[in-house]
Amino acid sequence: MRWSQFYLYTTREVPNDAEVVSHQLMMRAGMIRKAAAGIYTYLPLGWRSIMKMMDIVRREMDAAGAVELMMPAIHPAELWQETERWDAFGDLLLKIKDRNQRDFCFGPTHEEVVTDVVRRDVRSYRQLPLNLYQIQNKFRDEIRPRFGLMRAREFLMKDAYSFHAGADSLGETYEAMRAAYCRVFEDCRLEYSLVEAQSGTIGGSASHEFMVLAETGEDAVVSCPACGYAANVEKAEARPLAAAAAAGDQEELTEVSTPGATTISEVTDQLQVGADRLVKTLVYETEEGPVLALVRGDRDLNEAKLASYLGAQRLTMAGDEVVRRVTGAPVGFAGPVGLSPEIRRVGDQSIRQSSNFVVGANKADAHFTGVNWGRDVDLSEWTDLLLVTGGDGCPRCDGTLELHRGIEVGHIFKLGTKYSEAMECTYLDDQGKSHPMTMGCYGLGIGRTVAAAIEQNHDEDGIIWPLPLAPYEVLVIALNTRDEQVVELADRLYDQLQEQGSEVLYDDRDERPGVKFKDADLIGIPVRLVIGAKSLAGGQVEVSLRRDREKILVPIENAVERVLELLAG
RNA sequence: CGGGGCGUAGCUCAGCCUGGUAGAGCGCACGGUUCGGGACCGUGAGGCCGGAGGUUCAAAUCCUCUCGCCCCGACCA
């Protein structure tokens, strides 16, 4: 492609609404253009990378035995009502009405539609297992779209759904898909990690996420370098913490004045104790009413763990009013001592052995010290509520967990029969008995993976594409288009490379060399072939890699061969 | 949705506090000089100052309401 004929406009300035590098670089490199928050046009250069990504995914899905189809983007409400997700999905679901006021939504995921398809065609265990996939735009009216393609409201996703006669068969497909995903991310030359994950609103029994490690990631993951255990912090477990220091005998329960100390650090400052000697009492609201959760003062609570322990559908931090009603004190002074036993309370297991600790006194400007279980507080419900963090002990071995940030690029789930039961998607076994199909589902963010690749592969001048995702493999630059010899040679080398099957972008624009070099660095095409008057005088052209920028002068007649060698590896 | 910030030329921003003829750089067009790391000189086009109300002799500027966008939190590929 000749640049002069292409649709590619780069910018020098970084757009004021782009925060993270991948977003900035995609905007500057003329790959995407924003239409509205979280809604983008893929411009020709960006679209080429997206298509590369889709090709890789398609190849691996096909190899794993999945069959491609294309489902509608617009779904009738009835299907979503069958699984009760029409309401459960809430405002994330982008809803519309047709001219007859019938309800529809833009599909955020396709369990309902695919299950509806399969239940009409599949009757027998002999037709199973099945694995169907598509690559399609998804629509989620995110509360907060951000970071360009990283979290968009309209985004490309590969989604696959498998159907089985029983859990063993699901296990096999799940394993095959896990392996296929690994190959996809390896093909993209991405540094990723596979972590245990929370199932979230999709539901199901087991799930794993594929995380691309990057500082700007929205997720936190912990991993154990010793045994390889890795999990999203939402899901992660840790070896139980050592009990907060319990020096000697039980102290007396004492109310102390702590004026204005509503935060952990203010309390520790005023009382001169470590945060690990505090037990904080968090008030949550659930559909069953308020719940108190107790965790060590220096640690955070994992809301997902609390919600799943309680079996709560809805879990939110209580507002000022509720806290005041439950504890009789303003926010910041809640504690378990002397509260009505009517209110459910759950303690994190790591404080079970604690003694002589500090808690809020349920009145303004006061705390209790010397608090002990049994004598001062009765607590019968204990579970793991801890938000695991770096430095915690690995739950599987003696190792210590490390904390990293990651971008979730893929997520695979064992769904079980949640959807097949709700939608009566059944098969007959060899005894003629009817069962709901066991299902799995497998998502992979196309645009997000491309963005993640940029997060991992860039420098101060621009993108450094890994070859498999590069919009073009080779950039041929005619340094000075006024020089006939330069142009003639550049034209010829461009033609030859194309004949050899390379994907070539040819910068034939009438621009100054500086502009061409800056643009070349910005758009990050892996191999660069520069034809300029200086080297040409010596019968040479310049070949270089974007990654290391080391320039090699090669004789004109060897140029094409040299470029092909670099592309080959 | 809660908290914070921003809407002025295609882009990045100044001007607003203290009301009085709308600015710069980049980009774009034309002419000239240049041509191996975002050149230089000259000329020019381009703006209902996000929108609606209000205050005022006078509003980009002050007030109210709206819409959009960005950042921080709970959700997700």
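Treat the numbers as computed from the prediction; the structure is a model and nothing was measured. Chain letters run A, B, ... following the sequence lines, proteins first and then strands; every chain starts at 1.
Taking atom P on both nucleotides, B/C62 is separated from B/A29 by 38 Å, rounded to a whole Å. Taking atom P on both B/G2 and B/U56, the two are 34 Å apart, rounded to the nearest angstrom. Between B/G36 and B/C76, the distance separating the two C1' atoms is 48 Å to the nearest Å. B/A58 sits 22 Å from B/C16 when the P atoms are compared, rounded to a whole Å.
For the contact set between residues 445-458 of chain A and RNA chain B, defined by any heavy atom under 4.0 Å, the members are A/Gly445, A/Arg448. Residues of residues 31-67 of chain A that place a heavy atom closer than 4.0 Å to RNA chain B, in numerical order, are A/Lys34, A/Ala36, A/Ala37.
When the ring-ring contact (aromatic ring centres under 6.0 Å, His included) test is applied to A/Tyr309, no partner is found at least two apart in sequence or on another chain. Remark: A/Tyr40 engages A/His23 in a ring-ring contact (aromatic ring centres under 6.0 Å, His included) (not counting sequence neighbours). A/Phe210 pairs by the ring-ring contact (aromatic ring centres under 6.0 Å, His included) definition with A/Tyr181, A/Phe185, not counting sequence neighbours. Partners of A/Thr481 under the side chain to side chain donor-acceptor pair (under 3.5 Å) rule, at least two apart in sequence or in another chain, are A/Asp510. Listed by chain and number, the residues in a ring-ring contact (aromatic ring centres under 6.0 Å, His included) with A/Tyr494 are A/Tyr506 (sequence neighbours excluded).
With a 4.5 Å cut-off on side-chain heavy atoms, A/Leu25 and A/Leu522 count as touching. Side-chain atoms of A/Val21 and A/Glu455, non-hydrogen and from C-beta on, do get closer than 4.5 Å to each other. Taking 4.5 Å as the limit, some side-chain heavy atom of A/Ile50 sits within range of a side-chain heavy atom of A/Ile446.
Separating the CD atom of A/Gln136 from the C1' atom of B/A77 is a distance of 13 Å, rounded to the nearest angstrom.
No N or O donor and acceptor, one from the side chain of A/Arg28 and one from the base of B/G27, sit under 3.5 Å apart.
Judged by the 6.0 Å and 45° rule, A/Lys414 forms a cation-pi pair with A/Tyr174. A cation-pi arrangement is found for A/Lys95 relative to A/Trp86, the charged atom lying closer than 6.0 Å to the ring centre and inside a 45° cone about the ring normal.
Pairs engaging residues 508-532 of chain A under the ring pair (Phe, Tyr, Trp, His ring centres under 6.0 Å) rule: none recorded [sequence neighbours left out]. Evaluation of the side-chain hydrogen bond (donor to acceptor under 3.5 Å, both in side chains) test over residues 525-534 of chain A, restricted to residues two or more places apart or in two chains, returns A/Asp521-A/Arg528.
Between A/Arg296 and A/Asp348 there is no salt bridge, since no side-chain N of the basic residue sits under 4.0 Å from a carboxylate O of the acidic one.
Nucleic acid contact for A/Asp159: none, since no nucleic acid atom lies under 4.0 Å from a heavy atom of the residue. Residue contacts shown for A/Glu142 include a base, since a base heavy atom lies under 4.0 Å away. A/Tyr442 comes within 4.0 angstrom of no nucleic acid atom, judged by non-hydrogen atoms across all strands. Within the 4.0 angstrom heavy-atom criterion, no nucleotide atom of any strand lies near A/Ala18.
For B/A77, the OP1/OP2 oxygens have no side-chain nitrogen or oxygen of A/Arg153 closer than 4.0 Å. Of the side-chain N and O atoms in A/Arg144, none sit less than 4.0 angstrom from OP1 or OP2 of B/C70.
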Scan nucleotides 7-11 of chain B against the protein and return all N/O pairs shorter than 3.5 Å with their distances rounded to 0.1 Å.
none

Find every protein N or O atom lying less than 3.5 Å from an N or O atom of nucleotides 31-37 of chain B, and list the pairs.
| unit_1 | atom_1 | unit_2 | atom_2 | d |
| --- | --- | --- | --- | --- |
| B/U34 | O2 | A/Arg512 | NH1 | 2.6 |
| B/U34 | O4 | A/Arg482 | NH1 | 3.4 |
| B/C35 | O2' | A/Asn480 | ND2 | 2.8 |
| B/C35 | N4 | A/Arg482 | NH1 | 2.4 |
| B/G36 | O6 | A/Ser535 | OG | 3.0 |
| B/G36 | N1 | A/Glu542 | OE1 | 3.1 |
| B/G36 | N2 | A/Glu542 | OE1 | 2.4 |
| B/G36 | N2 | A/Glu542 | OE2 | 3.2 |
| B/G37 | N1 | A/Asp521 | OD2 | 3.2 |
| B/G37 | N2 | A/Asp521 | OD2 | 2.1 |

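Partner assigned to B/G2 is B/C72, using Watson-Crick or G-U wobble distances below 3.5 angstrom.
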Solution key, residues 142-151 of chain A side-chain donor-acceptor pairs under 3.5 Å, sequence neighbours excluded:
| unit_1 | atom_1 | unit_2 | atom_2 | d |
| --- | --- | --- | --- | --- |
| A/Arg146 | NE | A/Glu218 | OE1 | 2.9 |
| A/Arg146 | NH2 | A/Glu218 | OE1 | 2.9 |
| A/Arg151 | NH1 | A/Glu218 | OE2 | 3.2 |

